[in-house]
Amino acid sequence: MADIKKIRNDAFKALGLTQENSGVYNGKWVEYNKENALDSISPIDGTLLGSVSTASPNDYDKSIKIIEKAFLEWSVTPAPTRGNIIRKISRSLEEQKANLGKIVSLEAGKVISEGEGEIQEMIDVGYFASGLSRQLYGSMMVSERPLHRLYDQYVPLGPIGIISAFNFPTAVWSWNSLIAAVTGDTSIWKPSSKGSLAAVAVMKVIAKVIEEESVPPIFALVNGRGSKIGELMISDKRLKLISFTGSVKTGKRISTVVSGRLGRTLLELGGNNCAIVSEKADMNMALKGVAFGALATTGQRCTSTRRIVVNSKIYDEFLSKLISIYKTTQIGNPLDKGILVGPLIDNNAISNYEQAIQTAINQGGKILYGGKVLSREKGYYVQPTLIEAREDMYITMEETFAPILYVFKYNTMLEAMKIHNDVPQGLASAIFTNDLKEEEYFLSARGSDCGIANINTSTAGAEIGGAFGGEKDTGGGRESGSDAWKLYMRRQTVTKNYGDDVPLSQGVTFDID
Ligand code: UN1
C-alpha cells in the first residue's frame with residue numbers, strides 16, 4: 001500500500017513545496033497569507049496535502065500590471081529566442097517529471113502513469129511551441145496593383161488569461177501559456193481551486209527558468225475562487241483573450257461577458273463523447289479503446305467515453321466481454337500498482353454520480369454493471385458503471401464527470417450516427433471498424449459532428465500535435481497543436497506600395513490635380 005505521506009514529503013522536498021505555500025506569483029512569490037487560503041485535500045484518502053494562499057484583488061491588479069509591462073519587452077523579443085526559453089522550460093519539466101506527476105496524482109487522484117502523462121503533455125507542448133517559434137507564418141498574396149506587395153503577418157495579441165479545470169490541472173494551462181509565450185504574449189493563470197497545489201508546483205519549476213534566464217515575468221499565477229479572481233479576469237479589458245476550460249454553464253456566461261467587451265474567448269466546455277463499435281471492428285481493439293476511454297481518470301476527462309453504440313450483431317458478445325473487463329479492473333489508491341481507477345475528485349462528484357444513475361434508472365435505463373458508491377468518507381470511490389440506455393433518456397444528453405457509460409444498440413450506420421450526434425456537446429468521437437466505407441462515412445459531413453474524430457482508437461487521450469477542442473456546446477475553441485497558435489496573435493493585412501504613384505484598388509479613380 002503506497003504511503004501517501006512519504007510520497008508527498010519526497011515530492012514536496014524535491015519541488016520546494018511546504019505545508020503553507022504562496023499561490024500568487026508574478027515574477028516573485030507574494031508572501032503566504034492565511035486568510036482565504038485553499039486547502040489542497042487528496043481525494044485518495046482525505047489527507048491534507050498543504051495549503052495555498054489566494055490572490056487579493058490588489059495582488060491580481062498588480063500581477064496584471066506586471067505582465068502588461070513584461071509584454072512590452074517579450075513581444076518584441078525575436079520569436080526563436082522566445083522558443084529557446086520555452087525549450088528550457090520543457091527540459092526543466094522533464095527533470096522534475098516524476099515529482100510533478102506525483103503532485104498531480106496526489107491532488108487529482110490520478111494513477112501514477114496518468115499523473116506523469118499530464119506532465120509529459122506539458123513537456124511535449126513546450127517542445128512543439130519551441131519548434132513553432134520559427135514557423136509563425138503568414139501568407140503572401142498577390143496584389144492587383146502594380147509595384148505593390150500584399151501579405152499578412154501575425155503580431156502578438158497582448159496579455160491573456162487562462163482559467164483551467166481540476167481534471168487536467170496543469171497540462172491545459174501549458175497548451176495555452178506555452179504556445180501563447182512563443183507567439184509573444186504574456187499570461188495570467190487562475191487554476192481550479194481543486195488544482196492549486198499542482199499549479200504552484202509547476203510554477204516553482206518554471207519560475208526558476210524565468211529567473212535564471214533573466215526573462216521578464218511572462219507568466220503570472222493567481223490562485224483563488226472563480227467567483228472572485230475569475231470574475232475579475234473575464235471583465236478585465238487588459239486581457240485580450242480568455243481561455244476557459246470547464247462547464248457549459250460557466251462557459252456561456254464567460255462568453256457573454258468577454259464578447260460584451262469584444263474580447264476573444266477560447267472555450268473548451270463539456271464533452272459527451274461517443275464510440276461506435278461496428279460488427280466489422282477488431283473486437284479486442286474496440287474493447288481496449290472503450291475501456292480506456294470510459295475508465296481512465298475515473299471518467300473525469302473532457303474526452304472520456306460516455307456513450308457507446310454497438311452493432312446488434314456483436315452486442316451480446318461485446319457487452320459480456322466489456323463487463324468482464326469492468327469486473328476485473330482494480331479500483332483503489334491510484335498510487336498502488338495495478339490500480340487503474342482511482343477516486344472521484346470530491347463528495348460533490350459522488351453525488352452527481354448517484355444522481356445520474358438514479359435518473360437513468362427512472363428514465364428506463366438498465367444497470368448492466370456497477371452503480372454503487374464504494375466509499376465517501378476517506379476518499380471518494382465509486383464502481384464504474386455500465387447502463388443500457390435508450391435514445392429518449394435525457395440523462396444521456398448530459399455530461400456527468402464520473403465513470404458512467406451508456407450503452408446503445410444499432411442496426412444501420414445511419415442509426416448509429418444519429419445516436420452519436422444527437423447530443424448538445426461535440427468534443428471527441430470514435431468509431432471502431434475495419435471497413436473503409438464506414439470509416440469514411442464517419443468522417444464525412446454526415447458523420448461525426450465533433451472537433452475530434454478517431455478511427456480505431458479511444459475518444460480520450462488526444463496527442464498535443466493536433467488542435468484540441470470541439471463544436472456545439474463544447475464551445476468551438478481550439479488549443480494546443482496544429483495552427484491553434486493563431487488565436488493568440490492578431491492578424492494584420494499589410495499592403496506595401498513601392499511605386500511612385502498611388503493607384504487605387506478596384507480601379508477607383510480619385511484625381512486631385
Ligand atoms: C481535458 O480533459 O480537458 O485528450 C483534457 C485527452 C487529454 C487531455 C484531456 N490529452 O484525453
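Residues take their numbers from the sequence shown, with the count starting at 1. Both counts, for ligands and for their atoms, begin at 1 and track the order of listing.
Contacts between Asn167 and ligand 1 below 4.0 angstrom, taking non-hydrogen atoms only, involve the side chain exclusively. Counting heavy atoms under 4.0 Å from ligand 1, residue Glu268 touches it through the side chain alone.
Ligand 1 has no N or O atom lying under 3.5 Å from any N or O atom of Trp175, backbone or side chain.
In the model, Asn176 has a side-chain atom that pairs as donor or acceptor with a side-chain atom of Ser243 under 3.5 Å.
Heavy atoms from other residues, nucleotides or ligands lying under 6.0 Å from NZ of Lys486 number more than 12.
Classification of the His420-Phe442 ring pair by plane angle, with boundaries at 30° and 60°, yields perpendicular.
Summary of contacts: the protein heavy atom closest to atom 6 (C) of ligand 1 is Gly461 N, 3.3 Å. Protein heavy atom at the shortest distance from atom 4 (O) of ligand 1 is Ala462 N, 2.7 Å. In this structure, atom 11 (O) of ligand 1 lies nearest to the protein heavy atom Thr303 OG1, 2.6 Å.
A salt bridge links Arg301 with Glu114: the closest approach of a Lys/Arg side-chain nitrogen to an acidic carboxylate oxygen falls below 4.0 angstrom.
Considering Phe166, Phe292, Phe401, Phe168 only, the shortest heavy-atom separation from atom 9 (C) of ligand 1 involves Phe168.
Proximity of a side-chain donor or acceptor of Arg261 to a complementary backbone N or O of Ile234 within less than 3.5 Å is detected.
Using a 4.0 Å cut-off to heavy atoms of Cys302, the atoms of ligand 1 that qualify are 1 (C), 2 (O), 3 (O).
Seen from the ring of Phe168, Lys110 counts as a face-on cation partner, given the 6.0 Å and 45° thresholds.
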